[in-house]
Amino acid sequence: MSLKIKLPDGAIKEFEENVKVIDVARSISDGLANSSLAGIVNGKKVDLDYEICQDAEVSIITFKSEEGPEIYWHSTAHLMAQAVKQLFPEVKVTIGPAIDNGFYYDFDSEKAFSDSDLEKIEQRMKELSNEKLPYVRKEVSRNEAMEIFKAMDEPYKLEILSEIPEDEVLSLYSQGDFTDLCRGPHLSHTGKIKAFKLLRSSGAYWRGNENNKMLKRIYGISFPSKKELKVYLNNLEEAKKRDHRKIGKELDLFSINDDIGPGLVLWHPKGAMIRHQIETFWKEQHLEYGYNLVYTPHIGKGQLWETSGHLSFYKDGMYDSMEMDGIDYYVKPMNCPFHIMIYKSSKRSYRDLPMKLAELGTVYRNELSGALHGLMRVRGFTQDDAHIICTPDQLEEEVEKLLDFSLMVLGKFGFENFEIYLSTMPEKSVGDPNEWQAATESLRKAIEKHNLDYKIDEGGGAFYGPKIDIKIKDALDRSWQCTTIQFDFNLPTRFDMDYIGSDNKPHRPYMIHRALLGSIERFFGTLIEYHAGNFPVWLCPVQVKVLPISDATSEYANEVLEALKKRGIRAQIDERSEKINFKVREAEMEKIPYMFVVGGKEAEEASVSVRRHTKGNLGVIKLEDAINLVLEDKE
RNA sequence: GCCAACGUGGCUCAAUGGUAGAGCAGCUGAUUUGUAAUCAGCAGGUUGGGGGUUCGAUUCCCUUCGUUGGCUCCA
């Protein structure tokens, strides 16, 4: 459909193709009826706040199968705020945006919102939705807005307004007795919101700053129909089944024990076998890619952490010191200083560079108790850490190799969907801005060379250098940073690192920190959720389970087991006097990829009945062929 | 650390202001089985820890620890 709109300067703009209008909201400006609309133009989401020409075709659609439900959610947030203000007039409103998955609204309230309060609010929202209250837009000057919110006694809105320039024109949106400061756009009326659910309440600091007051936040989601809401809630339940904490328990992979301490992981035999496969692969590949493997201690003298700056900037994140012979030692929160000491153990020449030191280094950090989360955020974890020390002219090539390496490794584990972020120089930083620029450009070039989508986190770099992060989403759509490639313009100076160049003069080298998996714990967590426990065969702790039908075939079943083991396949046998149905069921629940069922028939003709996890019975196959089938799948 | 919810045997979950009950797992025995649960018996809990209210608490209150969801932080 095509759409014509009149821009504020009077010009007419016409969109020819692929225009989808998400919704149109009526508004009143200077006494004239106006409309604001949000739409999708050529696949891109746009907020249009202009007058629609009389002759323009506009058909209102919902976001059912389109992108851009933000307007919907934002309007629901306003609806919720209205309901809350009616039920609890003493509550002060703050902000309520749409987020990736729904919306929230933060309230300043002495009282916490209980589950029954949420039900009450939902009920009131239903009533307000039935009233089909129009969302009315009104443009006002900043000072007018100040007067309005002063009269309403809304201090948080006043605080926001006080930071806006006086000459700016602002928009207010009202529905019924509720008015909010808001850019819009919004739905035309509250009746459009047909299905919603308040999901949970939680605390949130005003403006995200922990020195500010803790507000009460309510999260919710809404849809144009009850059916979509039902599907959404159902998906949410399904996603919880992939939770690594649940699967970790079911498959007996790991545990975290109260008596040992929060955030400290026990790797059970099956989880440890998977980790062993990961580590073996990791080490082989690093040797292949020109890294040197190193090992370093778990503790180091306070002086070392003084030099590195950790004790002045990161002390809260470190476990407390322990004393030996009158000297304080600290458990390491990072491996860098140790690798630097290896570098500095002898005089280095430009011919030694690039030097790549890699270690599966176990570190301990005092993470806030409230931040701990299964394997995703723990207090003791092993980073697949490496430091690349190079000359300025090696920079670009090294960064490119590094990204290649990262993508190859992620691919090996089956990861295909991830988000890439490039973080640039923050306000407070150390190092030469020209070097920052060169480093940032080398990162950008490497990403673009791979033709990858990425987002720029402007000013999101560490104070010591720009970085690339790769984040992987968990079952509930939360992103976790795994791969990280970080420049460091801080430590080489602090530790006075140098190399002798071809000019026979000392130079400061570049240093890059990088972790491909991030931490093995977190990586394992995302791996579990990504595959829902159905790991690629090469990682499975048990790849084949041999299931004899009865004691009569026990001898042959053991021959099969031995044949598998001889070919390097991790196999087990289930010789219990149980029915085959029961053994199959258990093997299926253990998510073992291959089950070899053997009975009299198979014993006679040296074959096995192959069953593939989630795929079912593949039929009787000669033992040798069955083994080759597994070996192929293992690659 | 902050806000909130939750915490019952190894696991999943019941119940009640009057000293806890089931299924699975475990153990013992029987069963020898053809692609997702064979049957029977037995054993297992000072209801996260501490304190209080009460004639009596697992249930109500306080506190502490832990978990979960957010905030903050971050691999």
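Letters A, B, ... mirror the listed sequences (proteins, then strands); counts begin at 1.
Map A:Glu521 and A:Gly599 each onto its nearest nucleotide of RNA chain B; the residue landing nearer the 5' end is A:Gly599. Mapping A:Gly261 and A:Gly208 onto RNA chain B by nearest heavy atom places A:Gly261 closer to the 5' end of the strand.
Taking the C1' atoms as reference points, B:U47 lies 38 Å from B:A75, given to the whole Å. Between the C1' atoms of B:C73 and B:G48, the separation comes to 28 Å (whole Å). Taking atom P in both B:G9 and B:G44, the straight-line distance is 16 Å, to the nearest Å. Nucleotides B:C60 and B:U8, compared at atom P, are 15 Å apart to the nearest Å. Remark: the separation of the P atoms in B:U53 and B:A40 is 49 Å, to the nearest Å. Nucleotides B:G17 and B:C55 are separated by 12 Å at their C1' atoms, to the nearest Å. Taking atom C1' on both nucleotides, B:G52 is separated from B:U59 by 15 Å, rounded to a whole Å. Separating the P atom of B:G41 from that of B:U46 is a span of 25 Å, rounded to the nearest Å.
Among the atoms of the strands shown, none is found under 4.0 Å from any heavy atom of A:Lys583. Looking at heavy-atom distances under 4.0 Å, A:Gly317 makes no contact with the nucleic acid at all. Within the nucleic acid shown, A:Val378 comes within 4.0 Å of at least one base atom, counting heavy atoms only. Residue-level contact check: A:Glu210 touches the backbone only, with heavy atoms under 4.0 Å from sugar-phosphate atoms and none from bases. Contact annotation for A:Asn617: base contact, defined as any heavy-atom pair under 4.0 Å involving a base atom. Nucleic acid contact class of A:Ile549 (heavy atoms, under 4.0 Å, all strands): base. Using a 4.0 Å heavy-atom criterion, one finds that A:Arg245 contacts the sugar-phosphate atoms exclusively. Nucleic acid contact class of A:Arg217 (heavy atoms, under 4.0 Å, all strands): sugar-phosphate only. Within the nucleic acid shown, A:Glu575 has no heavy atom closer than 4.0 Å to any nucleic acid atom.
Look at A:Glu250 and A:Lys246 and you find a salt bridge, because one of the NZ, NE, NH1 or NH2 atoms lies within 4.0 Å of a carboxylate O, short of that distance. Between A:Arg217 and A:Asp106, at least one side-chain nitrogen of the basic residue sits less than 4.0 Å from a carboxylate oxygen of the acidic one, meeting the salt-bridge criterion.
Using cut-offs of 30° and 60° for the angle between ring planes, the A:His339 and A:His387 rings count as perpendicular. A tilted orientation is assigned to the rings of A:Phe405 and A:Tyr291, their planes being inclined by 30° to 60°. The aromatic rings of A:Phe487 and A:Phe489 lie parallel to each other, with less than 30° between the two planes, well short of the 60° mark. By the 30° and 60° cut-offs, the orientation of the rings of A:Phe107 relative to A:Tyr105 is parallel.
Atoms CD1 (A:Ile468) and P (B:A75) sit 15 Å apart, rounded to a whole Å. Computed from coordinates, the A:Lys615 NZ to B:A36 P distance equals 17 Å when rounded to whole Å.
Residue A:Arg207 has no polar side-chain atom (N or O) positioned under 4.0 Å from OP1 or OP2 of B:C71. In this model, the phosphate group of B:G69 is approached by a side-chain N or O of A:His373 to a distance below 4.0 Å at OP1 or OP2.
Distance check, rounded to the nearest 0.5 Å: CG of A:Leu360 to CG of A:Asp384 gives 6.5 Å.
In the set B:U67, B:G69, B:G34, B:U67 carries the atom at the smallest distance from any side-chain atom of A:Pro262. Checking B:C71, B:A36, B:U72 against every side-chain atom of A:Leu368, the shortest atom distance belongs to B:U72. Ranking B:A75, B:A36, B:U32 by closeness to the A:Arg365 side chain, first place goes to B:A75. Of the candidates B:U32, B:G70, B:U38, the closest approach to any side-chain atom of A:Arg200 belongs to B:G70. Of the candidates B:A75, B:U33, B:C71, the closest approach to any side-chain atom of A:Tyr219 belongs to B:C71.
Aromatic pair A:Tyr530/A:Phe415: ring centres closer than 6.0 Å.
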List the steps and the verdict of ring pair (Phe, Tyr, Trp, His ring centres under 6.0 Å) for A:Trp480 and A:His373.
-> CA-CA 11 Å; A:Trp480 296 96; A:His373 179 96; 5.3 Å; yes
Take A:Ile420 and A:Ile447 through the test side chain to side chain contact (heavy atoms under 4.5 Å, CB included) and record every step on the way to the result.
-> CA-CA 9 Å; A:Ile420 302 180; A:Ile447 301 175; 4.0 Å; yes
Using a 3.5 Å cut-off and no angle test, enumerate the donor-acceptor pairs between side-chain atoms of residues 600-607 of chain A and protein atoms at least two apart in sequence or in another chain.
unit_1, atom_1, unit_2, atom_2, d
A:Glu602, OE1, A:Gly599, N, 2.9
A:Glu605, OE2, A:Ser607, OG, 3.2

Report, one pair per line, the protein and nucleotides 26-31 of chain B atoms (nitrogen or oxygen only) whose separation is under 3.5 Å.
unit_1, atom_1, unit_2, atom_2, d
B:U31, N3, A:Ser577, OG, 3.2
B:U31, O4, A:Ser577, OG, 2.5

Collect all protein-nucleotide pairs involving nucleotides 2-7 of chain B in which both atoms are nitrogen or oxygen and the distance is under 3.5 Å.
unit_1, atom_1, unit_2, atom_2, d
B:C2, O4', A:Tyr205, OH, 3.4
B:C3, O2, A:Gly203, N, 3.0

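Both tests do not hold together for A:Lys473 against A:Phe418: distance to the six-membered ring centre under 6.0 Å, angle to the ring axis within 45°.
Put simply, the side chain of A:Arg379 and the base of B:A75 share no donor and acceptor less than 3.5 Å apart. A donor N or O paired with an acceptor N or O is not found under 3.5 Å between the base of B:G1 and the side-chain atoms of A:Glu367.
Judged by Watson-Crick or G-U wobble contacts below 3.5 Å, the nucleotide B:C6 has B:G66 as its partner. B:U19 is unpaired under the criterion used here, namely a Watson-Crick or G-U wobble arrangement in which both key atom distances are under 3.5 Å.
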